[in-house]
Engineer: 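Please find one structure pasted underneath; my questions will follow.
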Amino acid sequence: MTPARFSAQPADTGLYRREHEHDACGVALVATMRGSAGHDIVDHALTALRNLEHRGATGADPLVGDGAGILTQVPDAFLREVVDFDLPVAGAYAVGLAFLPVDEAERSEAVARIEAIAAEENLRVLGWRDVPVSSELIGQPARDCMPQFRQLFVASASGRMVGLGLDRLAFCLRKRAERETEVYFPSLSCRTLVYKGMLTTGQLEPFFPDLSDRRFATQLALVHSRFSTNTFPSWPLAHPYRLIAHNGEINTVKGNRNWMRARESQLVSDVIPGDLERLFPICTPEASDSASFDETLELLHLGGRSLPHAVLMMIPEAWENHEEMDPARRAFYEFHSTFMEPWDGPACVTFTDGSLIGAVLDRNGLRPGRYSVTDDGLVVLASEAGVLDLDPTHVVRKGRLQPGRMFLVDTEHGRIVSDDEVKSSLAAQHPYDEWLHAGLIHLDDLPEREHIVHTAASVARRQQTFGYTQEELRILLTPMARTGGEALGSMGTDTPIAVLSDRPRLIFDYFTQLFAQVTNPPLDAIREELVTSLGTVIGPEGNALAATAAHARQVVLPFPVIDNDALAKIVHVNADGDLPGYATHVVRGLYDVTGGAAAMQARLEEIFAEVSQAIADGARFIVLSDRDSGRDDAPIPSLLLTSAVHHHLIREKTRTLVGLVVEAGDVREVHHVALLIGYGAAAVNPYLAMESVEDLVRSGAIEGVTAEQAVKNLIKALGKGVLKVMSKMGISTVASYRGAQVFEAIGLSQELVDRYFTGTVSQLGGIGLDVVAAETAARHAAAYPPDGVRLPHRKLGVGGEYQWRREGEPHLFDPDTVFRLQHSTRQRRYDVFKQYTQRVDEQSERLMTLRGLFELGGAHPREPISIDEVEPVSEIVKRFNTGAMSYGSISLEAHETLAIAMNRLGARSNTGEGGEDEDRLMDPERRSVIKQVASGRFGVTSLYLTKSGDIQIKMAQGAKPGEGGQLPGHKVYPWVARTRHSTPGVGLISPPPHHDIYSIEDLAQLIHDLKNANPDARIHVKLVSEIGVGTVAAGVSKAHSDVVLISGHDGGTGASPLTSLKHAGGPWEIGLAETQQTLVLNNLRDRIVVQCDGQLKTGRDVVIAALLGAEEFGFATAPLVVSGCVMMRVCHLDTCPVGIATQNPELRKRFSGKPEFVETFFEYIAEEVREHLAALGFRSVEEAVGQVSAIDATKAVAHWKAAGLDLSPIFADVQSPDGSARRNTTTQDHGLEKALDHHLIAIAREAINDGTPVTAEVPVRNVNRTIGTLLGHEVTKAHPQGLPDNTIDLTLRGSAGQSLGAFLPRGVTLRLFGDANDYVGKGLSGGRVVVRPDRAAPLQAEQNVIAGNVIGYGATSGELFLRGKVGERFAVRNSGASAVVEGVGDHGCEYMTGGTVLVLGSTGRNFAAGMSGGVAYVLDLAADRVNRELVDLSRLRPDDETVVRELLGRHVEWTESTVAAQLLEDWDTARERFTLVLPRDYQRVLDVRTAADAEGLDINGSEVWERIMEASRG
Amino acid sequence: MADPQGFLKTRERELPARRPVPVRIRDWKEVYEEQELGQLQRQAGRCMDCGIPFCHSGCPLGNLIPEWNDLAWKGDWREAIERLHATNNFPEFTGRLCPAPCETACVLGINQPAVTIKQVEVTTIDRAFDHGYVQPQAPERLSGKTVAVVGSGPAGLAAAQQLTRAGHTVAVYERADKPGGLLRYGIPEFKMEKSVLDRRLAQMEAEGTRFRSGVAVGEDVTGRQLRDRYDAVVLAIGATVPRDLPVPGRELDGVMQAMDFLPPANRVALGETVEGQVTAEGKDVIVIGGGDTGADCIGTSHRQGARSVTSLEIMPQPGEERVAGQPWPTYPMIFRVASAHEEGGERLYAVSTKEILGEDGKVSGIRVVDVQRGDHGFDEVEGTERVLPAQLVLLAMGFLGPEKTGVVEQLEVELDERSNVRRDRDYMSSVPGVFVAGDAGRGQSLIVWAIAEGRSAAAGVDRYLTGQTALPRPINPQDRPLVV
């Protein structure tokens, strides 16, 4: 069956591709342990589903949901009564809903075919039942593609098969029916039954009246509400699937599918009848990630493993770095890792086989899951607490899903099975430990080999062969060799992409890294390293449906980059015959350079045959080597070679028989290694890079390290860099990154990609093998010049990619353009400005950008009009924004200059993520209209949000999408610290993800929170261009963002690792066009404003962006240049000589910018825009938005590489299906009128008006989200500093929805009796939030979960008192609030920079990671769970005792906590039980300041600053 | 970059001291003392390793200034000269004689004194010669093609060295008795000692470049003959036609072009005797023209024992700071003090010569008048006419292009509207196989442009001879310094 069946998903159009659809959702499971089925469980499940509505979404039509469904046990009694044929006993028949064709002829043909297959599979069709539906309830688009619903009933031919055995037969039938007919079965089983469809949560039950039938009984149910990024109805894509309902995203799915396909030839089952070949492919091509996961899980389960076992194979917990784990359990995981890579990504997978029902979280715990158990055996687990209205007096347990832990209910035996029990029993099934011990080969155990040192001349010759430049040695390799880390750069990139470059480029450069934004979060590989793993095993893989000692015969590779000596060991692994069956075959990846592309292709074919033969002859390791190139033989680019062989072996299904190791001379940066692994390599040996650094050390160019250390450092930097690249995509282990192909090709022809990089997307076509060969030959000619003459003094090319050089790549900003731009705007010389824009725009001789290939006018140009008819400059400039640059990264002078200029123009500047000083917040002339909210949440307070015009959520930034940022301590000057609510001299880190956005529905929640914090502000979501950004933008529009910003990959003013700067993200031309097309296709364009930025420099750039669909435009680099920036690209060093990217007071004095210059710049840009508009016949920018037909790209491209590009997908003129506008014409419906806060505001009116204290009591539900925020906004508006403490005192009862008390200002207290969900007290700004169990609740508060994850994120002041345990990342990035809690999950106090946290219970792992300020006091702390990188542990000091006692007292006062009361009672004993967690740098700075204060010095003065710097260096 | 904070630690520009005036004007040796190496390296450490190195752009050769500043800072002189030689055949010439547009483009110069780039350059090459890092770079294989280079000034030498190293057989023709052109007899010894030139010529000879000195192309051998004998010809004959001063009295004895005065002086300084040499000894010398040649005349006159030296410049005295129309990073007209200016004499600005006065056919003085900018050129300021005594008047007012007779005429190459030899993008003249490099094509310019021209023209010749070239081509024929 094709996935597009029963859906209105359009075919791939323009840049829109189906495969990029994402979804996320809410899930719930309900089960009873009472031992009997009932309809009440169905009712509960459907109620829970309805209460998850806010986690799902609707598209343009509110009557069309993204999908909802339910999975139950087979309701035997019900079915028996509604079918008109006889059914055998329960368990002896399988039943499933079928989505059948509507056309009668088609349908009967399909039915006949299915019946025939059933017969072949030894099944007897018992009958078909027409399933009643109420189709009138649903919206037209969903109805248009609605299937016919019938249930199929089958029994085994013999009639004797029951249970699992019967399900195996049904599985074969279903698989074949789907392949051979156009029918989709949501399920077909004797154990479970699924009802699902393109429905809203509320429609599910009425649509399928079966579900309301009282006879319909079950002991368990899974329900699911879907939020997809598009609006195309699709019936099959609703959850649950056959075994699971999934909330999350499998980031590695491409690789997992490839591996599954490769694995198929090894699969042998003695329980599934017949030749498995007829069921392949296991993973349906083009299915969703959840579907592929389900299909694989189903195979593993039906193949003979219990469902929990199969789940743990696919989502293992993070065992690699887990010190506390039981060795047997670790062996269980390690064993299975030899033949199944993790399916990695944020996930909450709920699963059931009909009697066991459970849920598991990904290793990092990136999805929420909360459960409650009642005294009558009811279990409810859902994405949030409170989905069922349970009487608190009957709830005996409240808990939460934990990272890597399994929650399991056995309905048959009526009990909850603990995580420990499940895993221990699985671990005991086989002697995994012994098998591993006998099987695994460690490189350290193999004999050492002599190290070979190459001569400088040999190194140089080969550097030439591989196209090394001086710059690469200096800027890439030297820092890695010296420090073991990757170098940083600044100010984005402004060189041509590879396919537009005149120079021969490495094939690596034609790929860009994908990164996570919105639909799945990037990981934090640095602070949350414990969930990551760089280790893998290589070797032949065993049958995934069996488990034997032979499976463990593998070589262990702790690191994906290996030195020459390790490689030699692998090559000689069986040199002494000790390891029979472990032959290694080395492939010479060279070709006859004179033969060009034909020779390269022929050689690849030869290699394919050679490798296949080697495998047949028993080789189990293949080394792909490009060593030994010479005058005639040039190296095949290692990436091409690796991917080509990898895909050849996948196609041959022999891939899992061998490990691929790459010995490559062209590898010299992180991106290269990442690509090789991403396309199948198990390990990379960058021999020439290593020899190069050895040579640099020997020649004295690198000082301070030995050659040996330099190589070690290089390997470490490359490997750690790969970890970072992986984590940007949310992938945590190399094992699952290998082959995952999370890259996009830009400028490679489809033919080349299909043949050698199968499955990679290349949107615009591009070069073929001929150019690859030509580029290789050009490099080769440098080493072996055809005329035999080498030029002296020019061993290597100069480079020029990172810093402008005359002989290097051209840069958009070069001496000429910088000079002319500055001079023209400073002297108000429009003529000189035109010289500047002409040089940028005129790209006939030097191609720089995609837009450089466009011509304005189009095939049917409109009549030009007089420029007088075009809207004035003053209107156009209102569409301009300056980029987000934080105060801190740039100086006050620079920041204010931009703000003043933009305010005068009626345009918008952006605070960046550094907050805004209060005196600027209150000054309309100097404040920035756009307030940014980024992952660090610096200075994000109620006041900050209230004083905004726009609020921008930064999901990613162009220079380094998927990564966080860092403001090193030496740049945190006192005035910066004040603005950021932090400590001077203490470094500040922005995490890679927003810890309150792990999915699209989380983003919707944050948008909702911010809208509550200021209903008058427009909410922006900033994305970075990459393939698939259009679908993300559609999701963002559905999440009710007012503005979506598409940034180009090339922008960016901040510091960034060079790999990210150059190799992540795509040009905005593609991302913007894809966004426009996808929004229009989804009827979602009219409600959102589209912004664009990324190296916009001229009026022409603006007009092109408008024609491609943007209505607002951002500029960052250019206004900085106008303000004096000369593109030093040292922003990260605090040495900016023109006073822009520095806080050094002395350098700041050199700032020469003025608001007038910036105003002039924007006026000139607008003037140019007018000129272009007039020429194109448009009277305004508005008229031009989305008019792609006014661009002509047919201009012949004579460039040797760019000639192969096909730009037409960018210009696809997409129409909206419902005729809605292709530009912004309306606004989003934020649904704020439904907010509980309107009621609260009414209650608090007097307090807001004149400060009269008020108290009130209000019931709440989980659907009441963001309680108190709108109220807080009203308070802040009237009282910028808040109200006196407790002026508004509100008592709430029930389960509060997410974001309780977000941004709550001073003077407001929210006291909740019940429990709360995620994000309590987010951005707390002085208010107080108290959460405590109901007084009547029987459960013991400190043993149960009272609130969810990410509590107090980015709080700046105020108080939190939580009587009970909470989830992951408690008080993350807290910078000033006090919080008391009775137990926290993993990553507690992460990134904290200030405030006080008191934990009166257990802590999870990785406590205090990245904690650079504030203090934490923890009761009975398990010290090994603390991340000690930045903090020290000690006993309480006298001052601390006062603080702790005071907090305990207040905790008792607010929550009646028994734990706190007992501790106070026996303080002398209690005090010994507390540990103080104190950040080192923070204490050092505090000490200096205290001492200085005692001396009577100005603690913010320069003298004290010097001392702080002294101390922090010390 | 070695030390990102370098420019904050060392704030001042430090240059080697010039020898005391009374001492140095008694000999012809170079005026600079040796600079302490650490001080020089600190200066190199002030380089900020800019993302856009405007110095590298300001330099016509595209010298990789940040690269070798860093190497010099670290003391890796061997690698530094390697990187310097990558773009510049003769850093010892530019390091002494170039007015350093790189330094006026230095980013540090926006708000601090620029890095002493030129001094780093000359130190790097001098150390390289001293330590034997400069070795002949003979080609591994010869192409069998032959090239004649006419003129052995910096453009001709650069073209010759590039072409020799590319495997061609090159002969350099020079009408003077020794090669070097202006470098040998135009530039006074105190600015560049001739040993500096000779050691480079020795390297070139060792590489295989042949020198035909004392052969005047156009007379001893005709242009056509040369074209017939070689696969390609490069004209690097300079812009030697001097601008004259058409005033009454120009014909008087003791009124001469600087280029008739300086070469004999140089020869004598090197120990030769020149028949009928005119010297400044005991005379009141007037130098007309405030440029580098004028300064050379001043320095030479002092050393010859002039009684007084006065230089005249028609333009007003420039200020110490840039004017708005000459913003960073352009090369500004500002008041500069060359070593010769320190050595005495007077500099008069905004004066124009009305007449040269004489006695007995010999010059005795000049009549000058103050001028100011008017709508059409310069207007005289009434009542400022005066007479300055003079027994020697040296004209240093610039040059007007190559000589139009001789080889230019014989080869029938076209001239452009400025009477320079016209050339295409590959530096080829209107006559196939005949190329032009340096001032002959560009007009009067700086030595650094001349070397850049020679290198670029060599790339054109190489492509002409072999169909392709890997030789660098730092500039296009039409490139000019950055101006607003």
Side-chain angles (χ1 to χ4, degrees), chain A residues 470-471 474 489-491 699-701 703 781-782 785-796 798 802-807 811 813-820 822-824 826-827 829 832 835 1124-1139 1144 1146-1147 1149-1150 1152, chain B residues 1 4-8 48-54 56-59 61-62 64 66-67 70-71 74-76 78-79 81-87 105 107-108 110-112 135 137-143 162 165-167 207 324-325 327-330 466 468 470-474 482 484:
Chain A
Q470 296 284 2
E471 183 180 46
R474 203 161 53 95
S490 295
M491 298 302 284
S699 74
E703 290 169 331
D787 59 4
V789 177
R790 286 158 197 291
L791 299 178
H793 311 304
R794 291 187 158 246
K795 194 173 76 179
L796 300 181
V798 56
Y802 300 93
Q803 294 175 318
W804 177 84
R805 290 291 184 272
R806 286 251 289 268
E807 291 182 27
H811 289 242
F813 268 133
D814 62 10
D816 221 66
T817 45
V818 167
F819 164 64
R820 289 186 205 285
Q822 289 186 342
H823 192 65
S824 64
R826 288 173 180 231
Q827 303 291 324
R829 290 274 302 273
V832 177
Q835 294 170 5
C1125 167
V1126 284
M1127 301 296 285
M1128 289 293 298
R1129 298 184 189 270
V1130 292
C1131 314
H1132 49 295
L1133 299 177
D1134 196 25
T1135 57
C1136 178
V1138 291
N1144 182 333
E1146 189 172 347
L1147 293 172
K1149 283 187 204 136
R1150 302 181 184 181
S1152 65
Chain B
M1 174 179 41
Q5 304 275 346
F7 74 102
L8 288 171
M48 301 189 293
D49 191 23
C50 303
I52 299 179
F54 283 77
H56 168 66
S57 154
C59 174
L61 283 165
L64 299 167
E67 273 92 329
D70 177 40
L71 292 163
K74 286 197 291 202
D76 188 350
R78 186 188 281 274
E79 197 57 30
I81 188 57
E82 194 65 15
R83 220 57 63 79
L84 180 48
H85 269 148
T87 58
V107 173
L108 196 49
I110 295 174
N111 43 37
Q112 283 210 326
Q135 294 298 325
Q137 306 285 337
E140 285 170 40
R141 244 163 61 176
L142 294 183
S143 66
Q162 289 295 94
R165 290 173 172 182
E207 288 170 355
W328 174 87
T330 62
T466 67
Q468 58 179 15
L471 291 177
R473 195 171 176 282
L482 182 73
V484 174

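Just so it is clear: chains get the letters A, B, ... in the order the sequence lines come, proteins before strands, and each one is counted from 1. Computation of the quantities below employed the complete heavy-atom set of this structure, encompassing side-chain atoms and omitting hydrogens, waters and symmetry-equivalent molecules.
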Engineer: What part of A/Gln835 gets within 4.5 angstrom of chain B, counting heavy atoms only: side chain, backbone, both, or neither?
Structural biologist: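 Nothing of A/Gln835, per the 4.5 Å heavy-atom cut-off to chain B.
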
Engineer: Relative to chain B, which of A/Arg806, A/Arg1129, A/Gln803, A/His811 shows the most heavy atom pairs under 4.5 Å?
Structural biologist: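 Looking at each of A/Arg806, A/Arg1129, A/Gln803, A/His811 in turn, A/Arg806 comes out on top.
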
Engineer: Side chain, backbone, both or neither: which part of B/Thr330 has an atom under 4.5 Å from a heavy atom of chain A?
Structural biologist: side chain

Engineer: Looking only at heavy atoms and a cut-off of under 4.5 Å, which of B/Ala324, B/Pro474, B/Ser57 has the most pairs with chain A?
Structural biologist: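 Maximum pair count with chain A is reached by B/Ser57.
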
Engineer: Does any part of the side chain of A/Arg805, heavy atoms only, come nearer than 4.5 Å to the side chain of B/Glu67, both counted from C-beta?
Structural biologist: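 SC-SC contact between B/Glu67 and A/Arg805 confirmed.
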
Engineer: For chain A, find which of B/Gly75, B/Ser143, B/Pro329 contributes the most heavy-atom pairs closer than 4.5 angstrom.
Structural biologist: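 Heavy-atom pairs under 4.5 Å are most numerous for B/Pro329.
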
Engineer: Report the distance from atom CD of A/Gln470 to atom CD of B/Glu82, rounding to the nearest 0.5 Å.
Structural biologist: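 So the CD of A/Gln470 and the CD of B/Glu82 are separated by 8.5 Å.
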
Engineer: Which atoms of B/Leu471 come close to chain A, meaning under 4.5 Å heavy atom to heavy atom: side chain ones, backbone ones, both, or neither?
Structural biologist: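 Both backbone and side chain.
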
Engineer: Could you give the distance from CG (B/Leu84) to NE2 (A/His793), rounded to the nearest 0.5 Å?
Structural biologist: 9.5 Å

Engineer: Can you check whether A/Val1130 reaches B/Asp49 side chain to side chain, under 4.5 Å on heavy atoms?
Structural biologist: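 A side-chain contact under 4.5 Å is absent here.
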
Engineer: Using heavy-atom distances under 4.5 Å, tell me whether B/Ile52 contacts chain A through its side chain, its backbone, both, or neither.
Structural biologist: both

Engineer: Could you tell me whether the side chain of B/Asn111 and the main chain of A/Pro1137 form a donor-acceptor pair under 3.5 Å?
Structural biologist: yes

Engineer: Under the rule for salt bridge (Lys or Arg N to Asp or Glu O under 4.0 Å), what residues qualify as partners of A/Arg1150, not counting sequence neighbours?
Structural biologist: none

Engineer: Would you give the length of the straight line joining atom CG of A/Leu791 to atom CD of B/Gln162, rounded to the nearest 0.5 angstrom?
Structural biologist: 7.5 Å

Engineer: Using a 4.5 Å cut-off on heavy atoms from C-beta on, say whether the side chain of B/Thr87 contacts that of A/Val798.
Structural biologist: no

Engineer: Under a 4.5 Å cutoff for heavy-atom pairs, which residue among B/Pro139, B/Gly167, B/Gly58, B/Pro472 has the most contacts with chain A?
Structural biologist: B/Pro472

Engineer: Just so I know, are the side chains of B/Leu482 and A/Arg820 near enough to count as touching, which here means a heavy-atom distance under 4.5 Å?
Structural biologist: yes

Engineer: Could you tell me whether a side-chain N or O of A/Arg794 sits under 3.5 Å from a main-chain N or O of B/Ala86, the two making a donor and an acceptor?
Structural biologist: yes

Engineer: Relative to chain A, which of B/Arg473, B/Gln468, B/Glu79, B/Gln112 shows the most heavy atom pairs under 4.5 Å?
Structural biologist: B/Gln112

Engineer: Could you tell me the separation between the CG atom of B/Leu64 and the CD atom of A/Glu807, rounded to the nearest 0.5 Å?
Structural biologist: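 Spacing of CG (B/Leu64) from CD (A/Glu807) equals 7.0 Å.
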
Engineer: By a 4.5 Å heavy-atom criterion (distance strictly below it), what part of A/Glu471 contacts chain B: side chain, backbone, both, or neither?
Structural biologist: neither

Engineer: Would you say A/Gln827 and B/Val484 make side-chain contact, with heavy atoms under 4.5 Å?
Structural biologist: no

Engineer: By a 4.5 Å heavy-atom criterion (distance strictly below it), what part of B/Arg83 contacts chain A: side chain, backbone, both, or neither?
Structural biologist: side chain

Engineer: Given that the side chain runs from C-beta out, which part of A/Pro785 has a heavy atom under 4.5 Å from chain B: side chain, backbone, both or neither?
Structural biologist: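 Neither part.
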
Engineer: Side chain, backbone, both or neither: which part of A/Val832 has a non-hydrogen atom closer than 4.5 Å to chain B?
Structural biologist: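 Interface part for A/Val832: side chain.
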
Engineer: Less than 4.5 Å apart, any side-chain heavy atom of A/Asp787 and any of B/Thr466?
Structural biologist: no

Engineer: At a 4.5 Å cut-off on heavy atoms, which part of A/Asp1134 comes close to chain B: side chain, backbone, both, or neither?
Structural biologist: neither

Engineer: Locate the shortest heavy-atom distance separating B/Arg141 from A/Pro786; write the atom from each residue and the value.
Structural biologist: NH2-O, 4.0 Å

Engineer: Could you tell me which non-hydrogen atom of A/Met1128 sits nearest to which non-hydrogen atom of B/Cys50, and how far apart they are?
Structural biologist: SD-SG, 3.2 Å

